[in-house]
Amino acid sequence: MAEENKNLQNTLDEGKHLWGLVQQYAKLEMVDKLTFVLTILIVGGVLVGLCTIAIFCFSMYFVTKIEQGTGNMALSYAIVGFVLLFLAVLVFLLRKALVTRPVITSLMKEFFEKQDFDETSKLK
């Protein structure tokens with residue numbers, strides 16, 4: 001009977017040790033996944049800021065060049081404004097192909113990397 005209690009106690013101790021290892025692994029996995037998501041957010045924010053500045057600079061360049069050709073600054077601003085509006089509508093209409101699918105694919109690969117992820121199961 002004493003040997004059975006000792007074996008049971010050893011099993012419980014091993015179970016507690018195993019549970020501690022599982023908790024540590026879960027914490028490490030959570031840190032890894034959160035790092036991935038936060039990196040995407042930070043890099044995305046920086047890129048949005050830089051792209052905004054670049055679009056502004058290129059817009060001013062094109063306004064100046066169009067104004068030299070037309071001689072009318074208001075018309076130049078209107079042309080550049082309509083081009084930017086057209087691009088915004090185009091991005092909005094193609095948002096699934098340009099943004100949603102790549103983000104979902106990237107997150108699925110990161111979070112379910114151990115499973116076989118079939119890229120044909122993308123959003124339609």
Side-chain angles (χ1 to χ4, degrees):
M1 186 74 165
E3 190 173 313
E4 287 179 13
N5 285 340
K6 187 176 180 183
N7 286 341
L8 182 61
Q9 185 62 37
N10 285 342
T11 303
L12 287 174
D13 290 342
E14 286 296 319
K16 287 179 185 177
H17 178 69
L18 181 61
W19 180 250
L21 291 176
V22 167
Q23 286 178 326
Q24 287 178 343
Y25 177 75
K27 288 177 186 176
L28 288 173
E29 280 294 312
M30 184 179 67
V31 167
D32 182 49
K33 303 309 180 196
L34 284 175
T35 301
F36 176 76
V37 171
L38 289 175
T39 300
I40 287 175
L41 292 174
I42 290 169
V43 170
V46 169
L47 288 176
V48 165
L50 292 175
C51 287
T52 302
I53 293 168
I55 288 171
F56 175 77
C57 292
F58 281 123
S59 295
M60 290 299 103
Y61 170 78
F62 290 126
V63 163
T64 304
K65 288 298 180 184
I66 293 171
E67 192 268 330
Q68 288 175 356
T70 63
N72 189 344
M73 184 65 85
L75 179 62
S76 302
Y77 277 111
I79 291 171
V80 170
F82 281 120
V83 169
L84 290 174
L85 183 62
F86 173 75
L87 290 175
V89 169
L90 191 65
V91 168
F92 178 77
L93 293 175
L94 299 174
R95 69 188 176 277
K96 279 191 178 181
L98 295 175
V99 179
T100 305
R101 287 183 190 152
V103 168
I104 288 176
T105 302
S106 177
L107 289 175
M108 291 293 284
K109 284 180 181 177
E110 181 66 26
F111 284 101
F112 300 104
E113 62 191 25
K114 292 177 181 76
Q115 299 175 5
D116 290 332
F117 174 64
D118 184 10
E119 289 197 30
T120 59
S121 64
K122 293 180 184 177
L123 288 180
K124 294 180 180 172

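Please read all numbers here as calculations on a predicted model, not as lab measurements.
The CD atom of E67 lies 11.0 Å from the CD1 atom of I79; values are rounded to the nearest 0.5 Å. For the atom pair CD of Q68 and CE of M73, the computed distance is 9.0 Å after rounding to the nearest 0.5 Å. From Y25, atom OH reaches atom CG of D32 across 9.0 Å, with rounding to the nearest 0.5 Å. Atom CG of residue L47 and atom OG1 of residue T52 lie 10.5 Å apart, to the nearest 0.5 angstrom. With values rounded to the nearest 0.5 angstrom, T39 atom OG1 is found 10.0 Å from L34 atom CG. Taking CZ of R101 as the reference point, atom CD1 of I104 lies at 9.0 Å (rounded to 0.5 Å).
Hydrophobic clustering places F62 together with F56 (ILVMFWY residues linked when any side-chain heavy atoms are closer than 4.5 Å, directly or through intermediates). Tracing side-chain contacts under 4.5 Å through hydrophobic residues (I, L, V, M, F, W, Y), one never reaches F36 starting from V46; they form parts of separate clusters. Put simply, L38 and L107 are part of the same group of oily side chains (I, L, V, M, F, W, Y) that touch within less than 4.5 Å, one to the next.
Remark: Q23 engages no residue in a side-chain hydrogen bond (donor to acceptor under 3.5 Å, both in side chains) (not counting sequence neighbours).
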- Apply the test side-chain contact (heavy atoms from CB on, under 4.5 Å) to residues K16 and W19: give CA-CA distance (whole Å), side-chain angles for both, the deciding distance (0.1 Å), then the verdict. CA-CA 5 Å; K16 287 179 185 177; W19 180 250; 5.6 Å; no
- Task: Check step by step if side-chain contact (heavy atoms from CB on, under 4.5 Å) holds for K109 and T105.
- Result: CA-CA 6 Å; K109 284 180 181 177; T105 302; 3.9 Å; yes
- N5 vs Q9, side chain to side chain donor-acceptor pair (under 3.5 Å): CA-CA, chis, key distance, verdict: CA-CA 6 Å; N5 285 340; Q9 185 62 37; over 6 Å; no
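Its side chain outside the 4.5 Å cluster rule for every partner, V48 clusters with none of the Ile, Leu, Val, Met, Phe, Trp and Tyr residues.
Taking every heavy atom of both residues into account, L98 and V91 meet most closely at CD1-CA, 4.3 Å.
Between the side chains of N10 and E14, no donor N or O sits under 3.5 Å from an acceptor N or O.
Under a 3.5 Å cut-off, the side chain of S106 and the backbone N or O of P102 do not form any donor-acceptor pair.
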